[in-house]
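These notes are about the structure you will find just below.
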Number of protein chains: 2
Amino acid sequence: MCDNIHIHGLKMPESMDEETRSQLCPVVYAVSKLGGKWKLIVVHNLIDGPLRFGELRRAIPDITQRMLTLTLRELEEDGIVNRHVFEVVPPHVEYSLTEVGQGLESVMSSLGDWGRANFAQKRNAVAQTA
Amino acid sequence: MCDNIHIHGLKMPESMDEETRSQLCPVVYAVSKLGGKWKLIVVHNLIDGPLRFGELRRAIPDITQRMLTLTLRELEEDGIVNRHVFEVVPPHVEYSLTEVGQGLESVMSSLGDWGRANFAQKRNAVAQTA
DNA sequence: CGGTATCCTGTACGATACTG
DNA sequence: CAGTATCGTACAGGATACCG
């Protein structure tokens, strides 16, 4: 019912074309687009609106310039993120979610709900329950 | 508003304790628990009910025994998956989602919806639109 | 059947330096 | 400001073999 792919050590891009990927279980397909690295974090940061490259960097302190660039390029290729270059000096580049990217909002909010529910439990377990 | 962690080359487990992780943005926290590797795929496969080790292997053809074991152990530690050992010969071990793990159902279904919506578009783009 | 142990490799990712 | 280029490394992950 549901074949698989390499999420991370991803053998996928090379060994599997878009046609083949499309045969996959939708969940697996989604994970193949969002799996690993910083993708979900970047998408998360763009949910509330466009951000400049530098703003994203500051929002994600531990990401390196290189990784941010690579992640954004991949998200762009996958039609999840838009790159808007303002032809000014100094350079100004804004990243935003495409419609496809916006479609991830419910994923992100479910994820947030889950995270909140679970770490809330833990933090309250010792201190208080109310 | 939202610090960061290493999703994948994850430096996190060593350099960050549960307390610190809890300070994180819920989304980032969630990603830290589910990011990288095969975790989401395994959770996905357990959504419909418990599965034995071997059944999981067959459901996820590309995963190695080692990776499946490691993934299950991590999910177990994180309280997402239950491991039930039946003391029989030959061995019988069943994996199921805990309540916390069940909480991921909406994440998985959102993810599925998103995947379906997007690869459906692509497959229909050439063939048909109706 | 459901693992663990050992060894090895690919590549994700980081650090640093440079540029339009 | 927003990148690219280069180099090095740690670790995710694979392959194989063996075990209770």
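Note that the structure is a prediction, hence the values are computed from the model and not measured. Atoms considered below: every heavy atom in the structure, side chains included; atoms not considered: hydrogens, waters and symmetry mates. In what follows, chains are A, B, ... by sequence order, proteins preceding strands, each numbered from 1.
- In this entry the distance linking CG of A:Leu70 with P of D:dG3 reads 11 Å, nearest Å.
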Quick one: which protein N/O atoms are closer than 3.5 Å to N/O atoms of nucleotides 18-20 of chain D? Pair and distance per line, please.
none

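- Candidate nucleotides D:dA2, C:dC1, C:dA15 were compared by shortest atom distance to the side chain of A:Thr64, and C:dA15 ranks first.
- Computed from coordinates, the A:Phe86 CZ to D:dG3 C1' distance equals 17 Å when rounded to whole Å.
- Side-chain nitrogen and oxygen atoms of A:Arg66 include none within less than 4.0 Å of the OP1 or OP2 phosphate oxygen of C:dT16.
- The interatomic distance linking A:Glu94 (CD) with D:dG3 (P) rounds to 12 Å, in whole Å.
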- request: Output, in order, the C-alpha distance, side-chain angles, deciding distance and verdict of side-chain contact (heavy atoms from CB on, under 4.5 Å) for B:Ile80 and B:Leu34.
  value: CA-CA 10 Å; B:Ile80 294 166; B:Leu34 303 168; 4.0 Å; yes

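- Taking atom CZ of B:Arg58 as the reference point, atom C1' of C:dG3 lies 15 Å away to the nearest angstrom.
- Every residue two or more places apart in sequence or in another chain that forms a side chain to side chain contact (heavy atoms under 4.5 Å, CB included) with A:Pro50 is listed here: A:Glu94, A:Ser96.
- Within the structure, the ring-ring contact (aromatic ring centres under 6.0 Å, His included) test picks out the following pairs touching residues 48-88 of chain B (sequence neighbours left out): B:His84-B:Phe86, B:Phe86-B:His92.
- Counting to the nearest Å, the C1' atom of C:dG10 and the CG atom of B:Asp62 are 16 Å from each other.
- The shortest distance between the side-chain N/O atoms of A:Tyr95 and the OP1/OP2 oxygens of D:dG3 is below 4.0 Å.
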message: Is there a side-chain contact (heavy atoms from CB on, under 4.5 Å) between B:Val31 and A:His44? Walk through the geometry before answering.
response: CA-CA 10 Å; B:Val31 173; A:His44 168 55; over 6 Å; no

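- The residue B:Thr69 sits close to a base: some heavy atom pair falls under 4.0 Å.
- Taking atom CZ of residue A:Arg73 and atom P of nucleotide D:dA5, one finds them 11 Å apart after rounding to whole Å.
- Applying the 4.0 Å criterion to OP1 and OP2 of D:dC1, one finds that A:Arg57 has every side-chain N and O outside that range.
- With sequence neighbours excluded, the residues that form a side chain to side chain contact (heavy atoms under 4.5 Å, CB included) with A:Thr98 are A:Asn82, A:Val100.
- At the phosphate of C:dG2, OP1 or OP2 sits under 4.0 Å from a side-chain N or O atom of B:Arg52.
- Distance from the side chain of B:Met67 is smallest to D:dG14 among D:dC1, C:dG3, D:dG14.
- Between C:dC1, D:dT4, C:dG3, one nucleotide has an atom nearer to the side chain of B:Arg83 than all others, and that is C:dG3.
- Here D:dC1 presents its C1' atom at 14 Å from CG of A:Leu72, a figure rounded to the nearest Å.
- To the nearest angstrom, P of C:dG2 lies 13 Å from CD of B:Glu87.
- Here A:Val85 pairs with A:Arg83, A:Glu87, A:Val93 under the side chain to side chain contact (heavy atoms under 4.5 Å, CB included) rule; sequence neighbours left out.
- A:Val81 meets the side chain to side chain contact (heavy atoms under 4.5 Å, CB included) test with A:Leu46, A:Leu72, A:Leu75, A:Tyr95, A:Leu97; sequence neighbours excluded.
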